[in-house]
Asks: 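Pasting a structure here, questions to come.
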Amino acid sequence: MNIDQKLYEIIKDFGIDLVLSVPCILLKGILDLINERKELLHIPVTREEEGVGIAAGAYLGGKRPAILIQNSGLGNSINAITSLLELYNIPIIFIMSHRGGKGEKILAQIPMGKITNKLLDLTGIKTWSIKSSKEITKLKEAIIYSQEHNCSVGILLQKSLWSEEI
Amino acid sequence: MKRFDAINRIAEVLTEELVICNIGIPSKELYHLRDRPQNFYMMGSMGLASSIALGLAISQPRKKVWCIDGDGSILMNLGSLSTIANVNPSNLILIVIDNESYGSTGDQYTHTHNNTNLEIIAEGAGFKSIVKITKGEKIKNILRDLGKGCHFVLIKTKPGSALVNNIPLKPIEIKNRFMQSFTKN
Ligand SMILES: [Mg+2]
């Protein structure tokens, strides 16, 4: 199994039944799997904050949603994370590709990349960082943590996770 | 007709519907007019009422979900219209009370007061069922007669809000009683 398949299998097998997404080139493989296999309900959204709203409503209705976005979209979601998820204690799983880190060539990604961990800290979202395929079980850990502690969690998928395959 | 009158008419038709109500005075007015466990008062996350309603509609496909939204808030989340129209749930009525103003912040005009037309935006977003209501007395019958589907209902009203108190419920209480209202049976 390649990285995308491994991530996909964990998302599917650990109770997530709805994915809200805004695409990122790093997430292309997972998104393709989600769309091809049709095992998970998937709603592409127009903006990350909108995804947080849909996820919250779906949680109220009994679903276990995950949001699949690039870390830049975290910035678009801060008010919803605090004044919706935190205010009503609604646990959502954020799976984010992390651009703007080591080896980033696109300058525009760097400012948001630098503050991503701090933003997650500020919002009180416990975060797992996955840098290599060896660390992929952290995704399971994070999902289980969210379910057991009834809280939102963040998983940052680093670019190096995919570059080791190339 | 002001928003308060529109919400009053909507509240009178409610039976088992799950309602997601917009932040600020709309939620206070609904609480004042007809509080019920099936009302979810959105106290924060400005702009996201329609998104929350969509998430609820797809996860509770047998329930009817009504969203009471406003012009200012839908203008803040126009992408939501295209997502809703494309997911196209069969159990969602998105009611936008368009008073052409930001009613909770002092009645500043929104763009619907001038060149912007939410009915046309909803059509462009892909809604197949769009109803525009300008007379309060039509609200009850129209809402009652809407069948299965994904409906966009635009209610044009005058600006201005009722003098109503804050909602005394804590957000967690609102959530818990809301979820219990449809999970216990
Ligand atoms: Mg308004």
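Sequence lines set the chain letters: A, B, ... in the order given, protein chains first and strands last, and positions in each chain run from 1.
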Asks: Specify which of A/Leu18, A/Val45, A/Leu60 makes the most heavy-atom pairs with chain B at under 4.5 Å.
Replies: A/Leu60
Asks: Using only non-hydrogen atoms and a strict under-4.5 angstrom cutoff, which residues of residues 116-154 of chain A touch chain B?
Replies: none
Asks: Highest number of heavy-atom pairs under 4.5 Å with chain A: which of B/Leu18, B/Asn176, B/Ile174, B/Thr83?
Replies: B/Thr83
Asks: CE of B/Met43: more than 12 outside heavy atoms within 6.0 angstrom?
Replies: yes
Asks: Using a 4.5 angstrom heavy-atom cutoff, name the option from B/Gly44, B/Ser59, B/Ser50, B/Ser80 with the most pairs to chain A.
Replies: B/Ser59
Asks: Going from CG on B/Asn86 to CD1 on A/Ile43, what distance comes out if it is rounded to the nearest 0.5 angstrom?
Replies: 10.5 Å
Asks: Tell me, yes or no, whether the heavy-atom count around B/Asp145 atom CG, taken from other residues, nucleotides or ligands under 6.0 Å, exceeds 12.
Replies: yes
Asks: What part of A/Pro65 gets closer than 4.5 Å to chain B, counting heavy atoms only: side chain, backbone, both or neither?
Replies: neither
Asks: Looking at B/Glu17, I'd like to know if its CD atom is crowded, meaning that more than 12 non-hydrogen atoms belonging to other residues, nucleotides or ligands lie closer than 6.0 Å.
Replies: yes
Asks: Give, for atom CE of B/Met76 and atom CD of A/Glu49, the distance between the pair rounded to the nearest 0.5 Å.
Replies: 8.0 Å
Asks: Looking at B/Lys2, I want to see if its NZ is surrounded by more than 12 non-hydrogen atoms of other residues, nucleotides or ligands under 6.0 Å.
Replies: no
Asks: In Å, rounded to the nearest 0.5 Å, how long is the span from CD of A/Glu50 to OG of B/Ser82?
Replies: 6.5 Å
Asks: Can you tell which of A/Asn79, A/Leu41, A/Leu87, A/Leu20 has the highest number of heavy-atom pairs within less than 4.5 Å of chain B?
Replies: A/Leu87
Asks: For the OG atom of A/Ser83 and the CG atom of B/Leu48, what is their distance to the nearest 0.5 Å?
Replies: 7.5 Å
Asks: Find the distance between OH (A/Tyr88) and CE (B/Met179) and round it off to the nearest 0.5 Å.
Replies: 13.0 Å
Asks: Under 4.5 Å between side-chain heavy atoms, hopping through other hydrophobics if needed: is there a path connecting B/Leu56 to B/Ile23?
Replies: yes
Asks: If you look at every heavy atom in A/Gly61 and B/Gln60, which pair is closest and at what distance?
Replies: O-NE2, 2.9 Å
Asks: More than 12 foreign heavy atoms under 6.0 Å from NZ of A/Lys6: is that the case here?
Replies: yes
Asks: Is there a chain of hydrophobic side chains (I, L, V, M, F, W, Y, each step under 4.5 Å between heavy atoms) that links B/Tyr102 to B/Ile121?
Replies: no
Asks: Group every Ile, Leu, Val, Met, Phe, Trp and Tyr by side-chain heavy-atom contacts under 4.5 Å, then state whether B/Ile25 and B/Leu30 land in the same group.
Replies: no
Asks: Using the side chain to side chain contact (heavy atoms under 4.5 Å, CB included) criterion, which residues pair with B/Arg144? Sequence neighbours excluded.
Replies: B/Val13, B/Lys140, B/Asn141
Asks: Who wins among A/Val52, A/Ile54, A/Thr82 for the most heavy-atom pairs under 4.5 Å with chain B?
Replies: A/Ile54
